[in-house]
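Atoms considered below: every heavy atom in the structure, side chains included; atoms not considered: hydrogens, waters and symmetry mates. Note that the structure is predicted; figures quoted are calculated from it, not measured. All ligand and atom numbering here is 1-based and tracks the order in the structure.
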Amino acid sequence: MANTDSVRVRLAPSPTGTLHIGTARTAVFNWLFAKRHGGQFLLRIEDTDRERSKPEFTANILDGLQWLGLAWDGEPVVQSERIGAHRAAIGQLLASGHAYRCYASEAELQEMRERQAAENKPPRYDNRHRDLSPDQEQAYIAEGRQATVRFRIDDGASIGWTDLVRGEMRWAGADLGGDMVIARRAPADTIGDPLYNLVVVVDDAAMAISHVIRGEDHIANTAKQILLYGALGLALPVFAHTPLILNQEGRKLSKRDGVTSVGDFRAQGYSAAALANYMTLLGWSPPEGMGERFSLAEAAAVFDFDRVNKAGARFDWDKLNWLNAQVLHDLDPGQLLDQLRPLWAEAGWVDQASTDQAWLESLCALIGPSLVILRDGLDQARPFFRRPELNEAALTQLQSPGAREALQALLELLGEGPLTLEQAQDLLTQAMTAAGVKKGVLMKTLRAALLGSLQGPDLLSTWLLLQPSGEAAERIRRSL
Ligand code: GLU
């Protein structure tokens, strides 16, 4: 294992889309490992796909990491700014004979792949231009052919590494698809755009990355990259391949599964603390006695790859919801109000100055315990800001025997202004006696009148909140 006194890890997102939950989870594991060892967590923006990379995706990724609490060290490295170093490495590999120019045209390669498919063979480059004679090469150049640069991968090579998650790994050179393109097709006297495996090796080495922690979909790349490290004479980092995130059906989580970008979770009202906590559990088992609820800092104190599973991690909405509810339930009413106020303001229900702070906090205290995600605080609070329609069940209740008498009796007793809990209970008892109805009938009917529904939070607290503005009396009157 590399010297953990100088742990340097990196997240290397491609800004070709918004911050995906898989990338964010990779970020979490990198961050935890760095913090555990007092190391550095670096960022590299892999924007070499010039067509698909967009500055707004970079902004989204940085913003999402920040929101999750995954602060990185130093300035992000921008891969496209390092193209000189990438080209130099390719030049070095050409000079040392580890790489060569391949003049095969796209049409020729296509024909090769079709033939392989017809013979039921896996697609691979047949290394046809590996050992061209200088004359053959000159002939292709004279034809005006362009060339890619390919890196030799010997079929007989055996590539091994000790993976921090998966243990001893071994790959056969023959399974890597033949000599690998490391620079795109370009005029034969130039070096075209450098490609992923090469640039990652050059950049990881330049950034002195000690541990490469990334998703297991990169395992075959790791085998290729290890060959490149050797050919370039660079020191190998330690590798850790984290399990994929799977959907309910056990397939790799993808855009088709709906919410997969960190911004979507945020917009739905998940808290950063709950999402970060949940992502840590996606593949990592906390040590005995720790429980499943913890902060990133708490996880970092004990994080290690021995407790990262090899098997894919199934995305479990129930667990995420449970964690998120715990985070919300831990807030005191004032803190919850700070989070809900922007949503309520956007709905036009409150404005910063005029709505009574104590009343809003009481409302938060009332609905808080039933919230799972922050947006639930919109539905649950709506009947306190806007007079609700009466639903079917409420209408039926209001027409049932004794309902009218019960509400009428209560309305007659009801004065103006706020009530205490004792006064409200007292009024209910008096109204019951006056109307000659059971307590259950009165309570159910009052709920229907106040909330337009038979469901909702604690009835007496609801009433007390709607009382001071005269709204309780108004809703009872309307129901009659
Ligand atoms: N840009 C690559 C990705 O997004 C980085 C993979 C790596 O960590 O090397 O998958």
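Proximity to Arg214 (heavy-atom distance under 4.0 Å) selects the following atoms of ligand 1: 7 (C), 8 (O), 9 (O). Applying the 4.0 Å criterion to heavy atoms of His218 picks out, from ligand 1, the atoms 3 (C), 6 (C), 10 (O).
For atom 1 (N) of ligand 1, the closest heavy atom belonging to the protein is Glu46 OE1, 2.6 Å. Here the heavy atom of the protein found nearest to atom 8 (O) of ligand 1 is Arg10 NH1, 2.7 Å.
A cation-pi geometry, defined here as NZ or CZ lying under 6.0 Å from the six-membered ring centre and within 45° of its normal, does not hold between Arg307 and Phe303.
Salt-bridge check for Glu298 with Arg293: failed, with every basic side-chain N at 4.0 Å or more from each acidic carboxylate O.
No donor-acceptor pair under 3.5 Å is formed between the side chain of Asp154 and the backbone N or O of Gly156. Judged by distance alone, with hydrogens and angles left aside, the side-chain atoms of Asn321 form no donor-acceptor pair with the main-chain N or O of Val372 at under 3.5 Å.
Checked options Leu282, Ile21, Leu246; the residue passing with Leu253 is Ile21 (criterion: side-chain contact (heavy atoms from CB on, under 4.5 Å)).
Here's the thing with Val200: none of its N/O atoms is less than 3.5 angstrom from an N/O atom of ligand 1.
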